[in-house]
Colleague: 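Dropping the structure in here first, questions after.
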Amino acid sequence: MNWKNNIVINPEILVGKPVIKGTPPGSRVYIDLLAQGWTEEEILHNYAGITREDIHACLSYASETLKMEKVYPVQEIHV
């Protein structure tokens, strides 16, 4: 899935956080709800204008972002 069809990242909107086009909450909201155990049906029922494809786009964006994440070891400095 190409999340870019559903999600916009614009510094003028929610200080650049990813949002589903045409909706106020950031896409993280829907990922958080799924992590809390909400079903897709519950999200669709409680958030007007959201589609199943939008939810999948949020997950696709999160997956792609995590794949690009880099972790660097930090050495302790003893003073």
Side-chain angles (χ1 to χ4, degrees):
M1 155 169 270
N2 185 358
W3 58 265
K4 294 176 185 174
N5 294 331
N6 301 68
I7 294 178
V8 62
I9 300 172
N10 179 339
E12 305 274 324
I13 302 170
L14 198 61
V15 292
K17 299 285 186 186
V19 298
I20 295 172
K21 292 178 182 176
T23 66
S27 60
R28 189 202 82 218
V29 169
Y30 308 108
I31 295 168
D32 287 347
L33 292 173
L34 290 167
Q36 293 171 29
W38 283 45
T39 64
E40 287 184 6
E41 289 73 24
E42 289 172 317
I43 294 171
L44 295 171
H45 177 76
N46 287 285
Y47 289 86
I50 299 300
T51 67
R52 194 172 305 279
E53 186 176 286
D54 291 331
I55 295 170
H56 292 189
C58 292
L59 294 172
S60 181
Y61 171 80
S63 175
E64 187 174 313
T65 301
L66 287 170
K67 288 175 188 171
M68 293 186 306
E69 183 179 52
K70 292 180 173 46
V71 178
Y72 300 98
V74 178
Q75 294 180 347
E76 287 186 43
I77 300 174
H78 298 282
V79 181

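Predicted model, so just to flag it, every value in this text is computed and none were measured. The analysis underlying the following values was restricted to heavy atoms, covering all of them including side chains, and did not include hydrogens, waters or symmetry mates. Along the sequence shown, residues carry numbers from 1.
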Colleague: Give every residue pair that meets the side chain to side chain donor-acceptor pair (under 3.5 Å) criterion with at least one member in residues 51-61, sequence neighbours excluded.
Modeller: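 Sorted pair list: Asn6-Glu53, Asn6-Asp54, Glu40-Arg52, Glu40-His56, Glu41-Arg52, Thr51-Asp54.
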Colleague: Taking side-chain contact (heavy atoms from CB on, under 4.5 Å) as the test, write out the residues that go with Gln75, two or more places apart.
Modeller: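 Result, side-chain contact (heavy atoms from CB on, under 4.5 Å) vs Gln75: none returned.
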Colleague: In this structure, are over 12 heavy atoms from other groups packed under 6.0 Å from Lys21 atom NZ?
Modeller: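 Enclosed.
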Colleague: Show the nearest heavy-atom pair for residues Ile9 and Gly16, with the distance to one decimal.
Modeller: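 Closest approach of Ile9 to Gly16: CG2-O, 3.1 Å.
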Colleague: For Cys58, is there any backbone N or O sitting under 3.5 Å from a side-chain donor or acceptor partner on Ser27?
Modeller: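 Absent.
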Colleague: What heavy-atom pair brings Thr39 and Glu42 nearest, and what distance separates the two atoms?
Modeller: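 So the minimum-distance heavy-atom pair works out to N-OE1, 2.8 Å.
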Colleague: In Å, rounded to the nearest 0.5 Å, how long is the span from OH of Tyr47 to CD1 of Ile55?
Modeller: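 Going from the OH atom of Tyr47 to the CD1 atom of Ile55 covers 10.5 Å.
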Colleague: Would you mind listing the cluster partners of Leu14? Hydrophobic ones only (ILVMFWY), side-chain contacts under 4.5 Å, chaining allowed.
Modeller: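 Under the 4.5 Å side-chain rule, Leu14 groups with Val8, Ile13, Val19.
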Colleague: Go through the structure and list residues passing side-chain contact (heavy atoms from CB on, under 4.5 Å) with Arg28, not counting sequence neighbours.
Modeller: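 Counting only residues at least two positions away or on another chain, Arg28 forms a side-chain contact (heavy atoms from CB on, under 4.5 Å) with Asp32.
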Colleague: Just to verify, what does Thr23 make a side-chain contact (heavy atoms from CB on, under 4.5 Å) with, not counting sequence neighbours?
Modeller: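 So Thr23 forms a side-chain contact (heavy atoms from CB on, under 4.5 Å) with Ile20, Pro25, Tyr30, Ile50.
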Colleague: Step by step, work out the side chain to side chain contact (heavy atoms under 4.5 Å, CB included) result for Leu33 and Asn46.
Modeller: CA-CA 11 Å; Leu33 292 173; Asn46 287 285; over 6 Å; no
Colleague: Who else is in the cluster with Val74 when I, L, V, M, F, W and Y are joined by side-chain contacts under 4.5 Å?
Modeller: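 Via sub-4.5 Å side-chain contacts, Val74 links to none.
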